[in-house]
Amino acid sequence: MPTIRTPDGVELFYRDWGQGPQVVVFLASWSLSSESWAYQMLPMAEAGCRCIAYDRRGHGRSDDPGRGYDYDTLADDLACLMERLDLKEVTLVGYSMGPGEIVRYLTRHGSARVAQIAMLGTVTPMLAQAEDNPAGIPEEVFEQVRREQLMRDFPQWIEDNIRPFVTPETSAGMIDWIRSICRQTSLQAIVQCNRVITAADFRAELRRIELPVLLLHGEADLSAPIALTAEPSLALLPNAELVRYRGAPHGIFLTHAEQVTADLLRYIQPG
């Protein structure tokens with residue numbers, strides 16, 4: 001089983017598909033693993049890309065160390081992968097929580113190994129309500145969800161939220177598949193990562209990202225409403241493009257898999 005070992009002793013599982021000159025590293029959402037990228041990685045590998053995805057600590061086949069779920073440590077885990085595999089001219093693709101890890105990686109470790117980035121269903125720049133972010137969601141709302149739902153009955157939370165995550169056309173089999181991935185995640189990782197996501201403020205860091213950025217976002221995303229996430233992220237990023245998916249929910253990597261793959265390939269292999 002291919003793994004890398006982080007400086008604090010955590011084994012992280014990764015998948016490495018394809019041998020093309022373009023290197024793409026995928027970062028999954030909170031509660032999901034590298035397996036969730038299958039419907040982008042396979043066609044992109046066949047199109048000539050080397051596609052790498054890894055399981056965040058506490059997720060999938062990686063270790064469950066009981067620590068390190070802050071953005072700094074998670075960004076350092078990405079840096080470890082990049083260095084151990086000696087990856088260069090990389091396109092970093094993050095979904096939901098993943099873009100925050102990418103931004104923190106760039107501001108902590110620099111962009112020497114990175115050519116460009118893509119952010120799908122991003123939760124940047126800031127979800128929580130504050131005096132200078134009045135459109136955000138009060139932190140007590142997030143904590144109530146954690147205490148009364150995630151920490152009491154995470155499987156039921158999945159059931160209650162899976163339908164808005166996809167579309168009416170999404171098959172029962174696909175829903176069962178994504179549900180099974182979520183259930184593999186450590187409950188501690190679920191709760192701690194959720195706290196990190198809802199407390200994060202990436203506004204200053206986004207202004208420092210000079211690399212090209214592609215934002216892909218569903219206009220009907222209830223988990224990360226576009227007006228709170230992708231649109232303000234676009235306004236802060238110096239060199240970004242936003243592609244809006246009309247009527248699409250948060251789970252665009254599943255519901256609009258072919259379109260996501262085509263947009264990523266267009267971005268990575270222009271012309």
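Note that these values count all heavy atoms, side chains included, but never hydrogens, waters or copies made by symmetry.
One hydrophobic cluster, built from ILVMFWY side chains closer than 4.5 Å, holds both Leu42 and Met174. Hydrophobic clustering, with ILVMFWY side chains joined whenever heavy atoms are under 4.5 angstrom apart, groups Val24 together with Leu120. When hydrophobic clusters are built by joining Ile, Leu, Val, Met, Phe, Trp and Tyr residues whose side-chain heavy atoms come closer than 4.5 Å, directly or via intermediates, Leu106 is grouped together with Met97. Under the 4.5 Å side-chain contact rule for hydrophobic residues, Ile181 and Ile162 share a cluster. Note on Val23: it clusters hydrophobically with Leu78, by side-chain heavy-atom contacts below 4.5 Å among ILVMFWY residues.
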inquiry  = Let's go through Arg113 and Glu83 carefully: what are the C-alpha distance in whole Å and the side-chain angles of both, what is the deciding distance for salt bridge (charged side-chain N to carboxylate O under 4.0 Å, His left out) to 0.1 Å, and is it a yes or a no?
reply    = CA-CA 9 Å; Arg113 294 180 178 271; Glu83 292 161 9; 5.3 Å; no
request  = Begin from the C-alpha positions of Asp63 and Arg57 and carry the test salt bridge (charged side-chain N to carboxylate O under 4.0 Å, His left out) through to its verdict.
outcome  = CA-CA 6 Å; Asp63 284 352; Arg57 56 177 65 206; over 6 Å; no
ask   = Taking it one step at a time, do Glu11 and Arg84 satisfy salt bridge (charged side-chain N to carboxylate O under 4.0 Å, His left out)?
value = CA-CA 13 Å; Glu11 294 285 338; Arg84 298 290 169 82; over 6 Å; no
key: Steps toward salt bridge (charged side-chain N to carboxylate O under 4.0 Å, His left out) verdict (Arg67, Asp8)   = CA-CA 10 Å; Arg67 64 184 187 280; Asp8 65 340; 3.8 Å; yes
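With hydrogens and angles left out, the side-chain atoms of Ser233 and Thr124 include a donor and acceptor closer than 3.5 Å. Thr73 and Asp76 are not linked by any side-chain donor-acceptor pair at a separation below 3.5 angstrom, with hydrogens and angles left out of the test. Between Gln129 and Asn133, the side chains place no donor N or O within less than 3.5 Å of an acceptor N or O (distance only, hydrogens not considered). For the residue pair Gln188 / Ser186, no side-chain donor-acceptor distance below 3.5 Å is found, with atom types taken as modelled. Side chains of Arg61 and Thr3: a donor-acceptor N/O pair is absent below 3.5 angstrom, by distance only.
In plain terms, the two heavy atoms of Ser36 and Ile178 that are nearest each other are CB-CD1, 4.2 Å.
In this structure, Asp55 contributes its side chain and Ser34 its backbone to a donor-acceptor pair below 3.5 Å. Put simply, the side chain of Asp263 never gets that close to the backbone of Leu265: no donor and acceptor are under 3.5 Å apart. Formation of a donor-acceptor pair under 3.5 Å by the Ser62 side chain with backbone atoms of Gly58 is not found in this model.
The side-chain hydrogen bond (donor to acceptor under 3.5 Å, both in side chains) analysis of residues 22-31, with sequence neighbours excluded, yields the pairs Gln22-Gln269. Within the structure, ring pair (Phe, Tyr, Trp, His ring centres under 6.0 Å) contacts touching residues 121-140 (residues at least two apart or in different chains) do not occur. Sorted by first then second residue, the ring pair (Phe, Tyr, Trp, His ring centres under 6.0 Å) pairs that include residues 35-67, not counting sequence neighbours, are Phe26-Trp37, Tyr39-Trp177.
To the nearest 0.5 Å, atom CE of residue Met82 and atom CG of residue Asp77 are 13.0 Å apart. Atom NE2 of His256 and atom OG1 of Thr261 lie 12.5 Å apart (nearest 0.5 Å). In this structure, CG in Leu214 is found 6.0 Å from CZ in Arg266, a value given to the nearest 0.5 Å.
For Glu148 and Arg152, the salt-bridge test fails: no basic side-chain N is under 4.0 Å from an acidic carboxylate O. Ion pair Glu139/Arg146 flagged as a salt bridge, since at least one NZ, NE, NH1 or NH2 atom sits closer than 4.0 Å to an Asp/Glu carboxylate oxygen.
Judged as a ring pair (Phe, Tyr, Trp, His ring centres under 6.0 Å), and not counting sequence neighbours, the contacts of Phe202 are Tyr71. Take Trp17 and apply the ring pair (Phe, Tyr, Trp, His ring centres under 6.0 Å) test, not counting sequence neighbours, and it matches no residue. Not counting sequence neighbours, Tyr267 has no partner by the ring pair (Phe, Tyr, Trp, His ring centres under 6.0 Å) test.
Using cut-offs of 30° and 60° for the angle between ring planes, the Phe253 and Phe165 rings count as perpendicular.
A side chain to side chain contact (heavy atoms under 4.5 Å, CB included) with Ile117 is found for one member of Leu215, Val90, Val25, Ile209 and no other, namely Ile209.
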